[in-house]
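Please read all numbers here as calculations on a predicted model, not as lab measurements.
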Protein chains: 2
Amino acid sequence: MTELDILAFALKQFADLTPNDFNMSTSFWHKKEYKKGDFFNQHKNVCRYLGFINTGTFRSFVIENNTAEEKNVFLYSKNQFVVPFKSFINQTPCDYHTQAMTDASIYYISIDDLLLLYKQSHKWERFGRLMAQMAFNVTIERMESFIFKTPEERYLDLIKNHPDIFNNIPLYHISSYLGIQGPSLSRIRKRISEK
Amino acid sequence: MTELDILAFALKQFADLTPNDFNMSTSFWHKKEYKKGDFFNQHKNVCRYLGFINTGTFRSFVIENNTAEEKNVFLYSKNQFVVPFKSFINQTPCDYHTQAMTDASIYYISIDDLLLLYKQSHKWERFGRLMAQMAFNVTIERMESFIFKTPEERYLDLIKNHPDIFNNIPLYHISSYLGIQGPSLSRIRKRISEK
DNA sequence: ATACGATTTTAACTTAGGTTAAAATTTTAC
DNA sequence: GTAAAATTTTAACCTAAGTTAAAATCGTAT
């Protein structure tokens, strides 16, 4: 299966796009390679692209202005979209940096081309709505994880539900995503391993 | 100004609905009165109504099954919508209880009537999109408040940005919303008053 | 005005994460 | 294979929130 086939398959799963629906869009998808540390979108930039990850892992993060500490807000991995939702959906300047955590390869499509597709086809319009719903669902799940779960539970959830992320990035990115410091994650890992 | 005028005005602000646009909907809005403790929507119910609050304050909360402790997830106040976003947008069973914290009065419209309006008018379709965006923006703001802010900062933000809520509900609802226990909020308040 | 219930604060103690720096381990480059 | 760099763990101490129960305060109804 080629990478484009995988993309077509994922979009079929996501929004029930048939091969024909997908074919309308093929000329709009472009491939891009990232080296670890390259940016998908910079802080303060309006994000104009929706990415689909072939290989690699990305994060959105904020640099706290008092401490210069980086805090990871969202992680994105293989066969998923990479996009800072709020900036892309509202077409507003992005609060985050969005960066490759590993070498990576994506397909991307511009907001302009997406809007063309929305106009041309009801199925693509539906895709747009489902994108927004997906962004909302990811966000509310993360919000609820902070309200209802302990850092230890968030850690166990990440291992269970996103092993592809867990296995491919350093633990300091994980601890930042979980909302705790490095030493705290070490203590949690120790606590778990002693059970 | 009548209550319906206030609703019309709020919708104009929110989605640029003209008096004509609004008039299309007047027969769909119904008034309902709540006593403190009454439910707008129950846990496990698919929420089929969008409310607009004339007077009073509502909350969405979860009862933790191990401790029976209630945790407030969203608060809603005067001249705003009351709706458990996720359940309403996805038309899925609700994870929360949504309840009046004070006596209250709302106008509500059903999802069926809203869908009719979406079909009839581009402006109302736009309203639907803006609703979903609003839900997303409220949710990501709350998510970010947990990632970037201390409980003390969240408390000060609430006083500053939602004085109508702060001034009308008991502190134990506030502490729950902030993600801390009652005694912790008392300590924070003491700390602040000593400055 | 008073008594009851509801709400908030306080106290005493526990727990878990924050902070800083050093040590240990792992990875990478040559 | 070894040195250097990057990552993770550990240690020691600090801080803030959790927990539980009691005390204080506030509101309300009679």
Participant: Of B:Asp21, B:Leu17, B:Ile6, which meets side-chain contact (heavy atoms from CB on, under 4.5 Å) against B:Leu11?
Facilitator: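 The single option meeting the side-chain contact (heavy atoms from CB on, under 4.5 Å) with B:Leu11 is B:Leu17.
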
Participant: Checking A:Lys35 against A:Asp103 for the salt bridge (charged side-chain N to carboxylate O under 4.0 Å, His left out) test, could you report, in this order, the C-alpha distance in whole Å, the side-chain angles of both residues, the deciding distance, and whether it holds?
Facilitator: CA-CA 4 Å; A:Lys35 285 285 164 198; A:Asp103 291 355; 3.7 Å; yes

Participant: Do any N or O atoms from the side chain of B:Ser176 and from the backbone of B:Asn72 form a donor-acceptor pair under 3.5 angstrom?
Facilitator: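 Side chain of B:Ser176 to backbone of B:Asn72: a pair is present.
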
Participant: Within the distance-only criterion (no hydrogens, no angle test), does the side chain of B:Arg126 pair as donor or acceptor with the backbone N or O of B:Ala15 below 3.5 angstrom?
Facilitator: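 Pair found, side chain donor or acceptor close to backbone of B:Ala15.
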
Participant: Separation of B:Glu70 atom CD from C:dT7 atom P, in whole Å?
Facilitator: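 Whole-Å distance recorded here is 12 Å.
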
Participant: Between B:Val83 and B:Phe40, what is the shortest heavy-atom contact and its length?
Facilitator: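 Heavy-atom minimum between the residues: CA-CE2, 4.2 Å.
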
Participant: Output one letter per nucleotide in nucleotides 3-11 of chain D: B when a protein non-hydrogen atom lies under 4.0 Å from the base, S when only the sugar-phosphate is that close, - when neither is.
Facilitator: ----SSBB-

Participant: Counting only N and O atoms by type, is there a donor-acceptor contact under 3.5 Å from the side chain of A:Arg154 to the main-chain atoms of A:Lys149?
Facilitator: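 Checking the backbone N and O of A:Lys149 against the side chain of A:Arg154, a donor-acceptor pair under 3.5 Å is found.
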
Participant: C:dT19, OP1 or OP2 - any side-chain N/O from A:Gln181 closer than 4.0 Å?
Facilitator: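 For C:dT19, OP1/OP2 do have a side-chain N/O of A:Gln181 under 4.0 Å.
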
Participant: Can you tell me if B:Lys123 uses its side chain to pair, donor with acceptor, with the backbone of B:Asp16 under 3.5 Å?
Facilitator: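 Yes: the side chain of B:Lys123 pairs with the backbone of B:Asp16.
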
Participant: Can you check the A:Asn167 CG to C:dT27 C1' distance for me, whole Å?
Facilitator: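 Taking atom C1' of C:dT27 as the reference, CG of A:Asn167 is at 17 Å.
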
Participant: Whole Å only: how far is the OH atom of B:Tyr155 from the P atom of D:dA17?
Facilitator: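 Rounded to the whole Å, the gap is 13 Å.
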
Participant: Whole Å only: how far is the CD1 atom of A:Ile180 from the C1' atom of C:dT15?
Facilitator: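 Atom-to-atom, A:Ile180 to C:dT15, this comes out as 15 Å.
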
Participant: For the backbone of A:Thr92 and the side chain of A:Ser87, can you confirm whether one donor and one acceptor N or O come within less than 3.5 Å of each other?
Facilitator: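 Yes; at least one donor-acceptor contact below 3.5 Å.
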
Participant: Round to the nearest Å and state the distance from A:Glu152 atom CD to C:dG17 atom P.
Facilitator: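 It works out to 8 Å between those atoms.
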
Participant: Using whole Å, report how far NZ of A:Lys71 lies from P of C:dG18.
Facilitator: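 After rounding, the gap between these two atoms is 9 Å.
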
Participant: Please state how far atom CD in B:Glu69 lies from atom P in D:dG18, giving the value in whole angstrom units.
Facilitator: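 So the two atoms are 9 Å apart, to the nearest Å.
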
Participant: Just grab all the ring-ring contact (aromatic ring centres under 6.0 Å, His included) pairs involving residues 165-185 of chain A, residues at least two apart or on different chains.
Facilitator: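 The answer is A:Tyr155-A:Phe166.
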
Participant: Once you round it to whole Å, what is the distance between P of D:dA16 and CD1 of B:Ile188?
Facilitator: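 Distance, rounded to whole Å: 10 Å.
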
Participant: Please encode protein proximity along nucleotides 23-30 of chain D as a string of B, S and -, counting only heavy-atom distances under 4.0 Å.
Facilitator: --------

